[in-house]
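Some notes on the structure that comes next.
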Amino acid sequence: GIPEVVQDGVNGFLVGPGDYTSMADRIITLVDDINLRKQMGEEGFSILRNKFTDSTMTNNIETLYDQALEAAGEAKR
């Protein structure tokens, strides 16, 4: 899920699991650069506003339910 939402260097940073050094470096980068924090925050909000609308989320949930029902029906055969 996270790589689908966070675009590395655009609206956040991605680091590998357990890569504490990279995580600390990214945090320091953000602490030191108010403009980058603001830019990434605005980009993140834009993605939220455009990608996670009520109708999009409703459609995604309906699709999941449809897939679960289809899988349950196939399992009974």
Side-chain angles (χ1 to χ4, degrees):
I2 290 177
E4 294 174 13
V5 177
V6 177
Q7 298 171 358
D8 191 38
V10 176
N11 65 335
F13 291 118
L14 297 173
V15 297
D19 189 352
Y20 305 112
T21 302
S22 291
M23 184 182 298
D25 289 343
R26 299 303 188 268
I27 291 170
I28 291 168
T29 297
L30 290 171
V31 167
D32 290 343
D33 191 338
I34 191 170
N35 292 324
L36 181 60
R37 289 194 311 267
K38 183 178 179 183
Q39 177 186 347
M40 284 186 169
E42 289 171 354
E43 288 293 331
F45 185 69
S46 176
I47 289 171
L48 173 73
R49 195 176 53 237
N50 294 320
K51 196 171 186 179
F52 297 97
T53 64
D54 292 343
S55 62
T56 300
M57 296 307 294
T58 301
N59 288 337
N60 289 345
I61 291 169
E62 287 177 354
T63 299
L64 286 173
Y65 279 124
D66 289 343
Q67 291 171 348
L69 289 171
E70 286 177 22
E74 291 176 12
K76 289 183 180 182
R77 292 181 195 177

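Atoms considered below: every heavy atom in the structure, side chains included; atoms not considered: hydrogens, waters and symmetry mates.
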What's the spacing between D25 CG and Y20 OH if we round to 0.5 Å?
15.0 Å

Exceeds 12 heavy-atom contacts within 6.0 angstrom, atom CG of D32:
yes

Contacts of T53 that satisfy side chain to side chain donor-acceptor pair (under 3.5 Å) - sequence neighbours left out
S55, T56

Spatial distance of atom CG (L64) from atom CG (L69) [nearest 0.5 Å]:
11.0 Å

Measure across I2 and L14 and return the closest heavy-atom pair with its distance rounded to 0.1 Å.
CG2-CD2, 3.8 Å

Test of understanding: clusters of I, L, V, M, F, W, Y form through side-chain heavy atoms closer than 4.5 Å, transitively. Do V15 and I27 belong to the same one?
yes

Residue pair K51 / E4: nearest heavy atoms and the distance that separates them:
NZ-O, 2.9 Å

Minimum-distance pair of heavy atoms, taken over all atoms of L30 and M40:
CD2-SD, 3.8 Å

Distance (rounded to the nearest 0.5 Å) between D54 CG and N59 CG
11.0 Å

Looking at S46 and E42, would you say the former's side chain and the latter's main chain have a donor-acceptor pair under 3.5 Å?
no

What do you reckon, is CD1 of I34 surrounded by more than 12 foreign heavy atoms closer than 6.0 Å?
no

If the condition is side chain to side chain donor-acceptor pair (under 3.5 Å), which residues does D19 pass it with, not counting sequence neighbours?
S22

Give a yes or no on whether V10 and I47 share a hydrophobic cluster (residues Ile, Leu, Val, Met, Phe, Trp, Tyr; joining criterion: side-chain heavy atoms under 4.5 Å apart).
no

Applying a strict under-4.5 Å side-chain criterion to I, L, V, M, F, W and Y, I'd like to know whether M23 and F13 cluster together.
no

